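One structure is given here, and the rest of the page talks about it.
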Amino acid sequence: MSQKPSIPKGTRDFGPDKMAKRNLIFDTIRSVFQKYGFMPLETPTMENLSVLTGKYGDEGDQLLFKVLNSGDFMSKVKEEDGKDSQNLLRKISEKGMRYDLTVPFARYVVMNQHEIAFPFKRYQMQPVWRADRPQKGRYREFYQCDADVVGTDSLLCECEIILMINEVFEKLGIEDYHIKVNHRQVLSGIAKTIGAEGNERDFFVAIDKLDKVGPEGVQKELLQKGFSESSLEVLLPLLNMEGSIEDKIAQLKRTFTSNQVSAEGLEALETVLAMLSSFALAEHHVEFDQNLARGLSYYTGMIFEVKVKGVAIGSVSGGGRYDDLTGIFGLKNISGVGFSFGVDRIYDVMEELNLFPETVVTTSQVLIVHHDLPAQEYGMPILAQMRRSGISAELYPDVSKFKKQMTYANKKAIPHVIVIGDEEINTGLLTLKDMRTGHQEQLSLQDICQKLTLRGHTDTKDMKS
RNA sequence: GUGAUUGUAGUUCAGUUGGUUAGAACGCCUGAUUGUGGUUCAGGAGGUCGCGGGUUCGAGUCCCGUCUUUCACCCCA
């Protein structure tokens with residue numbers, strides 16, 4: 001009796017078509033990261049739970065996938081542990097699957113602090129797991145591509161992140177997007193002005209929803225959370241502020257003349273913008289969003305988030321600066337800044353905007369079809385020679401009807417077929433058929449190799465132009 | 001975690017107030033064409049109706065549970 005197989009909720013298979021497209025995204029991101037001097041890093045799928053818990057807030061802890069201990073995991077459990085999930089968990093699970101790439105990276109930096117040359121620039125492209133309810137653009141297993149720099153507080157790093165985002169998106173053909181930036185110190189300044197100190201998290205969460213629920217919704221939520229009417233009167237003009245990034249910064253500067261914290265944040269933003277101008281981008285896509293807050297609590301400096309316009313998918317990239325990420329693991333005063341591309345969402349965006357090129361799926365250039373076993377054997381050295389010439393080729397593995405072999409070539413979109421039968425073996429010439437035109441001719445193996453390698457070159461030239 | 005929603009052939013979907021043997025399109029296989037794919041024509045195969053219970057003379061259809069899909073909230077890439 002066979003059972004119908006299935007995969008867990010929120011996970012996916014990636015077939016050849018999807019992999020070709022995904023690899024295009026991965027390759028693009030990797031090449032840009034490397035161009036900016038980032039080094040690769042991979043960390044284990046599992047971390048000790050002590051490394052993961054407490055880093056993402058209570059809600060994050062709930063979303064961690066835990067790994068059951070091996071063997072007789074109940075042996076250490078006592079009667080009284082049975083009812084309390086927290087207690088029981090400690091006894092039966094000591095490992096969890098990574099929730100993001102930043103915390104494992106921080107762990108790595110601390111463990112290898114004596115070998116690492118700071119500033120340390122690393123990139124990491126691996127899946128992460130979160131046990132939340134899947135929906136559009138949200139999966140339980142998804143890939144992140146992180147690049148972080150630790151060991152410097154230079155704003156050049158922030159600037160380079162913006163450059164990398166621009167470069168990746170340009171290469172992928174995504175044009176209509178914005179990089180929303182803000183600064184945690186600016187937010188803190190606003191929070192201070194309206195008397196939200198000590199309650200900053202509620203405040204950030206509320207204003208972050210402006211896009212979604214509008215000013216009235218934000219107002220309502222803040223009132224519910226216990227903010228006063230008078231403080232909201234001060235806040236609302238700030239939330240609704242519009243204009244270019246320079247205008248907004250100038251406006252905020254006037255508002256916060258006496259506020260040291262906010263002033264520093266605004267200056268940092270100005271410095272990054274000034275640096276950016278040295279790199280002479282046609283358009284930098286940066287917008288100032290005074291309502292951008294971002295949930296992860298470890299951010300302390302500039303924060304950013306990328307959204308593609310006209311597509312109903314959450315942010316495709318985000319990040320920020322954190323002054324003390326490694327502090328919790330005992331390494332103080334290491335400032336870092338990093339960001340992450342969400343490959344799965346970029347994929348969804350590109351699919352929706354129809355941005356993948358037709359030719360992403362790579363297939364063999366040639367299929368050798370044959371009449372019978374002797375013909376197949378005759379084809380083997382030919383196959384070898386073609387591969388030596390750098391032509392990707394395959395020989396049909398079974399002895400079967402031409403029709404079936406041709407259908408295979410057609411379905412796999414293999415552009416050329418070499419036919420081998422008695423005639424070819426007698427004359428020493430091979431029949432080369434172009435599947436796209438239907439044209440076929442008798443040629444020597446040498447001529448075919450030459451023709452196909454030349455063809456390959458002109459094809460790639462055509463694609464670039 | 002809260003509230004909805006979805007599941008029928010390989011795929012996309014029909015299936016009436018519960019009533020014979022559950023249909024279509026596309027795809028797949030065979031042949032027309034024994035050395036040639038795409039087009040055309042003729043024929044064919046393929047379904048434990050997500051899974052498990054229940055109600056009923058009778059369930060794809062109604063009820064309960066469970067898994068899955070999608071969506072909103074929460075949070076987030």
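So you know, we letter chains A, B, ... as the sequences are listed, proteins then strands, and number each from 1. Computed from a predicted model, the values in this text were never measured in an experiment.
Remark: K209(A) is in phosphate contact with rC74(B), judged by side-chain N or O atoms under 4.0 Å from OP1 or OP2. Between rU36(B) and K433(A), no contact under 4.0 Å exists linking OP1 or OP2 to a side-chain N or O.
Between the side chain of R133(A) and the base of rG3(B), a donor-acceptor pair under 3.5 Å is found. The base of rG35(B) lies close enough to the side chain of E424(A) for a donor and an acceptor atom to sit less than 3.5 Å apart.
Between F341(A) and Y143(A), the gap from one ring centroid to the other reaches at least 6.0 Å. Aromatic ring centres of F38(A) and Y123(A): separated by at least 6.0 Å. Here H370(A) and Y378(A) keep their ring centres 6.0 angstrom or further from each other.
Rounded to whole Å, the separation between the P atoms of rU21(B) and rG58(B) comes to 15 Å. To the nearest whole angstrom, the two P atoms, one in rU61(B) and one in rU17(B), are 15 Å apart. Annotation: rA45(B) and rA4(B) have their C1' atoms spaced 40 Å apart (nearest Å).
Stacking here means ring centres nearer than 5.5 Å and ring planes tilted less than 30 degrees, and by that measure F142(A) stacks onto rA77(B).
For RNA chain B, if you chain together Watson-Crick or G-U pairs that step i with j, i+1 with j-1 and so on, the runs of at least three with distances under 3.5 Å are B:1-4 with B:70-73, B:10-13 with B:23-26, B:28-32 with B:40-44, B:50-54 with B:62-66.
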